[in-house]
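Report on one structure; see the data block that follows.
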2 protein chains.
Amino acid sequence: MADGPTINTIAERAGVSIASVSRVLNGLPTRQETERKVLKAAEELGYVRNAVARSLKSRRTDQVAFAMADVGNPAYLAMLRQIQPVLKAAGYRLVLHSTDAVAADEIDVLHSLGERYVDGLIMSPLRVTDAHLEMLAAARAPVVIIGSVPEGTPVDNVRADSRTGVRLAVDHLYALGRRRIAMVNGPLDTVPGAARGAAYREALEDLGLPYDDDLVQIGDFYRAEGARAVAELLARVPDVDALMCANDLIALGALDVLRAAGRRVPDDVAVVGMDDTDLAAASWPSLTSVSLGSAERGKVAAELLLDRLRGGDREPRVVTVAPRLAVRASTAGPAYEPADRKEGGA
Amino acid sequence: MADGPTINTIAERAGVSIASVSRVLNGLPTRQETERKVLKAAEELGYVRNAVARSLKSRRTDQVAFAMADVGNPAYLAMLRQIQPVLKAAGYRLVLHSTDAVAADEIDVLHSLGERYVDGLIMSPLRVTDAHLEMLAAARAPVVIIGSVPEGTPVDNVRADSRTGVRLAVDHLYALGRRRIAMVNGPLDTVPGAARGAAYREALEDLGLPYDDDLVQIGDFYRAEGARAVAELLARVPDVDALMCANDLIALGALDVLRAAGRRVPDDVAVVGMDDTDLAAASWPSLTSVSLGSAERGKVAAELLLDRLRGGDREPRVVTVAPRLAVRASTAGPAYEPADRKEGGA
DNA sequence: TTGTAGGCGTTATCAG
DNA sequence: CTGATAACGCCTACAA
C-alpha cells in the first residue's frame, strides 16, 4: 500500500518529460520509441492514473450517479437495467446511491454533485422538499428527476402518469363487477402517494361510485407494511371485493394476508398492483399490475442526461411515459385451482 | 450551470486570504469577525467545496464503495443494510456498484479504487479470476472481500461456511425421510457454486446416500433460471423428493415450477433454499433456508474495512460466519391446505 | 490570528 | 515531436 507511481515516476524511469508521458497515456501523437519507453515503464511500475487529479484539471469524472429511493424495490432495478447500459456505452461509469427515501440522504447526494464527484445525476425522490428544490435550482451539473417536480424546476423530468394508471386499474375492476374497491396506499406526503390517492378518488367519482374513507388505508410502500395495512382494512371493511394497491410490494403483502385469511383471489377479492415489476408476474396468483413504464423511464432519463452531458444547454424537458395495464390472475384468471379456465379480463 | 465559486471567490468578496477561508471552512481557530465575513460570503455565493481538489491534496475522498454482484438478490441487500450504517456513522459516504457478476465490471471497480475515487472497497465477486487476484495484490487501498479468496491473498476476507450450511440442510432433509435429494446449483465456475456443489456431494456420502449425477442440475442463481433448471430436473428424475437449492431465488423458481406441475410442497417434494433472505419467510409456502449470515457478513466486512481505513496496517484477516438452518413450511410445515397441523421438522 | 507560497497529479499551452 | 511550465481548487507549513 506504498505510495503509487505517478507520471513523474514514469518520466524519470523512461527518461522523458512528464508531458510526453501524459501524451502517450492519452494516445496523442508521439514517436514510437518514446511511446515504447513510456508504456514499458508504466507497465513495470504498475501505474494507475490518479483520476482525482485528472478530474481536477479536466473538470470531468466520467462518472454518473443514480440515487434510488429503495434498492429493494424491483421498479428501481428495472430503471437501473436500462440506465446502466446507456451510460456505459457512452463511456460513463455508473455509481449507485441508496437513500432509503430519507430526505437527508438525498440532499447529501445532491451535495455530492456539487462536490464534483460525478458529472451528472439521475434521482428518483419519493418526497420533494423545499431543500430538494433549492439544491436542484442551484445544481451546477445536470440532473434528471424520475418522478414529478413542480413546473419551473430547472431539471429534466421523467414522469409516470399514475393518474391514468390508477384509472385503468379501477375501470378494469369496475368492469369485472367489483363495487367495493379499496385503495391501499403509501404515505400521502410522498409524490406517488399523493398522486395515486387523488387519482383513485377521481376514478371512483367518474364511475359514479361513492368515495368512502373507510375504503382507504395508508401504509407504506413495502411488502410488510402493505400486509399490515390490508389486515387492518379487512378487519374494518370485511365486504371489500377489490384492492387497488399503490405498488407491487404492497400488493404482494395483500396477497399474503388474503391467503392467510382464507380469502380467495380473485374470487373473493381482486388485487391490482402498480409498477408491473418482475415480482408481479412471478407471484401466486400472478398479479395484475399497472405498468408505469419503469424501464422506459429509466431509459429516457439516461438519454436525457447524456444529452445534457454532451453539452445540450437546452430548456428543461418534461417527458411523460404512458401507463399500461397488465392483466393477470389476481383479477381475471383462475385462482387457487390448477389452471385451465380461459376467460380473460375486462 | 456557470462556473461555481471557489475559495478565491470567497476570499475576494470577504476581503481575506484564501488561507483564512480554508481555515474557517474547516473549523480551525479564526477571529470571530473573519469567520463571520467568510461564512456570509460563502452563503451568498452558494459555495460548495470542490471535493475533487480537496481529495487531491488530502488523499482521501471519504467515500467507500460496495460492489454487488447482483443488486436484485436480497442477500446483498441484507449486507448493504448492515454496511451502510456502519460506514455512515464513521463519516463515509457509501457508493454502490452493480457488476452483474461480470468479471470485467468487477475489474473496473477494482480499477476505480486505484484511480482514487474511493478510499476503500467491499466486494462480493461470484468468480475470482487471475485478473481479480492480480489487482487485489496490487491494490493500494483497503479491500474487503465477502466470499472466499485463496489463502495468501492480501485482503481481508469474510467467508460463509456453505459447506456446513449445505450439510445442515441435507441432514435435515434426510431426517425427514427424504432419500432422493437433488441439488439445483448455479454455475460451477463460481465460488459459491463450486463450494455448494462439493458440499452436497460430501454430505450425501457421509449419510451413506449414493451420489447420482442425474440428481444434480446446474442453472444460474436467478429465479427464472432456477425454475428452468427444476423443470428439467423433474422431467429427468420424476421421483425426486427433495430439492437442495443453492440460493433462495433458485428455490423460489423451484416453488413456481412445482406448483405449476401440481407437486405438493413439502408433501411430495421438500425444498430448501440458501441465504435465508426476506423472500424465504415471505414466500408461499414459506421457505426453509440456510442462513449464511449475510447481514452478519456485511457488518463484519464494514468493520474490517473501517479498521483498515483507520490505519490498521495489520495482517490480512479471515473471518468465517457460521451458518444456521431456518426451518419453515417448505420442508416441515403444512403445504397447500389452510394451516393447523403441528408437527415441526427435524 | 493572518497571509504567502508550495504542492497534490494531471492536462494543456507554448516555445523549442 | 518534446520539454518546461502554468493552471485546476484546496490544504498547510511557515513566516509575519
Side-chain angles (χ1 to χ4, degrees), chain A residues 2-39 41-42 45-63 111-119 140-141, chain B residues 2-39 41-42 45-63 111-119 140-141:
Chain A
D3 256 23
T6 71
I7 54 173
N8 278 286
T9 330
I10 298 180
E12 275 178 38
R13 185 175 190 118
V16 301
S17 73
I18 61 166
S20 288
V21 175
S22 176
R23 274 188 289 261
V24 170
L25 262 24
N26 288 299
L28 296 177
T30 327
R31 205 200 326 164
Q32 284 259 319
E33 172 63 5
T34 310
E35 178 171 345
R36 206 188 47 70
K37 284 192 294 186
V38 168
L39 291 179
L45 290 166
Y47 172 78
V48 179
R49 169 180 19 205
N50 183 326
V52 170
R54 174 196 175 79
S55 300
L56 178 57
K57 182 66 187 168
S58 66
R59 302 160 147 283
R60 309 178 310 126
T61 63
D62 294 329
Q63 294 196 136
H111 203 79
S112 81
L113 226 204
E115 290 176 310
R116 307 277 199 237
Y117 271 137
V118 291
D119 296 341
R140 296 208 177 73
Chain B
D3 257 21
T6 72
I7 53 172
N8 277 288
T9 330
I10 298 181
E12 276 180 37
R13 183 173 190 120
V16 301
S17 74
I18 62 168
S20 288
V21 175
S22 176
R23 274 189 287 261
V24 171
L25 262 24
N26 287 299
L28 297 177
T30 327
R31 206 200 326 165
Q32 283 257 321
E33 172 62 6
T34 310
E35 177 171 347
R36 206 188 46 70
K37 283 192 294 187
V38 168
L39 291 179
L45 290 166
Y47 173 78
V48 179
R49 168 173 30 206
N50 183 326
V52 170
R54 174 198 176 78
S55 300
L56 179 57
K57 180 69 188 171
S58 66
R59 302 162 145 284
R60 308 180 308 127
T61 63
D62 293 330
Q63 293 195 136
H111 202 78
S112 81
L113 226 205
E115 290 176 310
R116 304 273 201 263
Y117 269 139
V118 291
D119 296 341
R140 295 207 179 73

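No experiment lies behind these values; they were computed from the predicted model shown.
- Look at A/Ser17 and you'll find a side-chain N or O under 4.0 angstrom from OP1 or OP2 of D/dG3.
- In this structure, A/Glu33 atom CD and D/dT2 atom C1' are separated by 14 Å, rounded to whole Å.
- Contact annotation: B/Arg59 side-chain N/O to C/dG9 OP1/OP2 distance is under 4.0 Å.
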* **side chain to side chain donor-acceptor pair (under 3.5 Å) assessment of A/Thr9 paired with A/Tyr47** => CA-CA 9 Å; A/Thr9 330; A/Tyr47 172 78; over 6 Å; no
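- The side chain of A/Ser20 lies closest to D/dT2 when the candidates are D/dT2, C/dT10, D/dC10.
- OP1 or OP2 of C/dT2 sits under 4.0 Å from a side-chain N or O of B/Arg31.
- Of the N and O atoms on the side chains of A/Asn50 and B/Arg59, not one donor lies less than 3.5 Å from an acceptor on the other residue.
- Within 6.0 Å of CD on B/Gln32 lie no more than 12 heavy atoms contributed by other residues, nucleotides or ligands.
- No hydrogens or angles were tested; on distance alone, nothing pairs the side chain of A/Arg116 with the base of D/dG9 as donor and acceptor under 3.5 Å.
- The shortest distance between the side-chain N/O atoms of B/Arg49 and the OP1/OP2 oxygens of D/dC11 is below 4.0 Å.
- To the nearest angstrom, P of C/dG7 lies 17 Å from CG of A/Leu56.
- As rounded to whole Å, 11 Å separates atom P of C/dT11 from atom CD of B/Glu115.
- Between B/Arg60 atom CZ and C/dG9 atom P the separation is 16 Å, expressed in whole Å.
- An OP1 or OP2 oxygen of C/dT10 is reached within less than 4.0 angstrom by no side-chain nitrogen or oxygen of A/Ser22.
- Which of C/dG9, D/dT2, D/dC11 sits closest to the side chain of B/Asn26 comes down to D/dC11.
- Between B/Tyr47 and the phosphate of D/dG9, there is no side-chain N or O to OP1/OP2 separation shorter than 4.0 Å.
- When each of B/Thr34 and A/Val52 is assigned the nucleotide of DNA chain C with its nearest heavy atom, B/Thr34 is the one assigned upstream, toward the 5' end.
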